[in-house]
Amino acid sequence: VYEDAQGTLEQVGQQEGPLPADLVANVLRQAAEGLAHLHGKRLGHGGLSARTLLVASDGTVKLAPFVGYEFDPGGVPPPPAPGTRYLAPE
């Protein structure tokens, strides 16, 4: 559990209205760094969206909930599970 979470990026936007560009840029930078870390370990998140980015009161961002999958040796992510309408193109 991420105790210091202010909420998801979606919830923060709903509560505060349009978010400042510098805040959005910071959130996206941190999300990209998190994805780069995962991808460096041959893992994918599997569902990145405004609903899966947790934002702390200090601006720290965490990726959650973590569906996760491991890339095959060729670096290709697995196909979406049956019934899944979309797989994030990370």
Side-chain angles (χ1 to χ4, degrees):
V1 175
Y2 188 42
E3 296 87 9
D4 193 32
Q6 182 177 348
T8 66
L9 181 59
E10 179 180 60
Q11 291 168 332
V12 172
Q14 289 172 346
Q15 293 167 359
E16 298 183 16
L19 300 174
D22 60 332
L23 174 80
V24 174
N26 182 43
V27 167
L28 294 177
R29 179 189 54 77
Q30 290 183 65
E33 289 172 354
L35 286 175
H37 178 77
L38 287 174
H39 294 176
K41 296 186 176 294
R42 304 181 54 80
L43 297 172
H45 181 271
L48 193 64
S49 74
R51 292 180 180 170
T52 62
L53 294 174
L54 296 178
V55 181
S57 56
D58 69 356
T60 303
V61 175
K62 303 289 183 183
L63 307 178
F66 193 77
V67 176
Y69 56 81
E70 187 172 357
F71 292 127
D72 72 15
V76 179
T84 302
R85 294 173 42 191
Y86 179 77
L87 182 65
E90 46 177 278

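Counting from 1, the numbers follow the sequence of the chain as shown.
Between V12 and V55, the closest heavy-atom pair is CG2-CB, 4.4 Å. Contact between L35 and L63 at its shortest, heavy atoms only, is N-CD1, 3.9 Å.
Separation of atoms OG1 (T8) and CG (L53) is listed at 8.5 Å; rounding is to 0.5 Å.
With sequence neighbours excluded, the residues that form a side-chain hydrogen bond (donor to acceptor under 3.5 Å, both in side chains) with E33 are R29.
Each side-chain hydrogen bond (donor to acceptor under 3.5 Å, both in side chains) pair with one or both residues in residues 46-56, not counting sequence neighbours, appears once here: E10-R51.
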Check residues 15-25 and write down every donor-acceptor pair under 3.5 Å in which the side-chain atom is one partner and the other belongs to a residue at least two apart or another chain.
| residue | atom | partner | partner atom | Å |
| --- | --- | --- | --- | --- |
| E16 | OE2 | Q6 | NE2 | 2.9 |

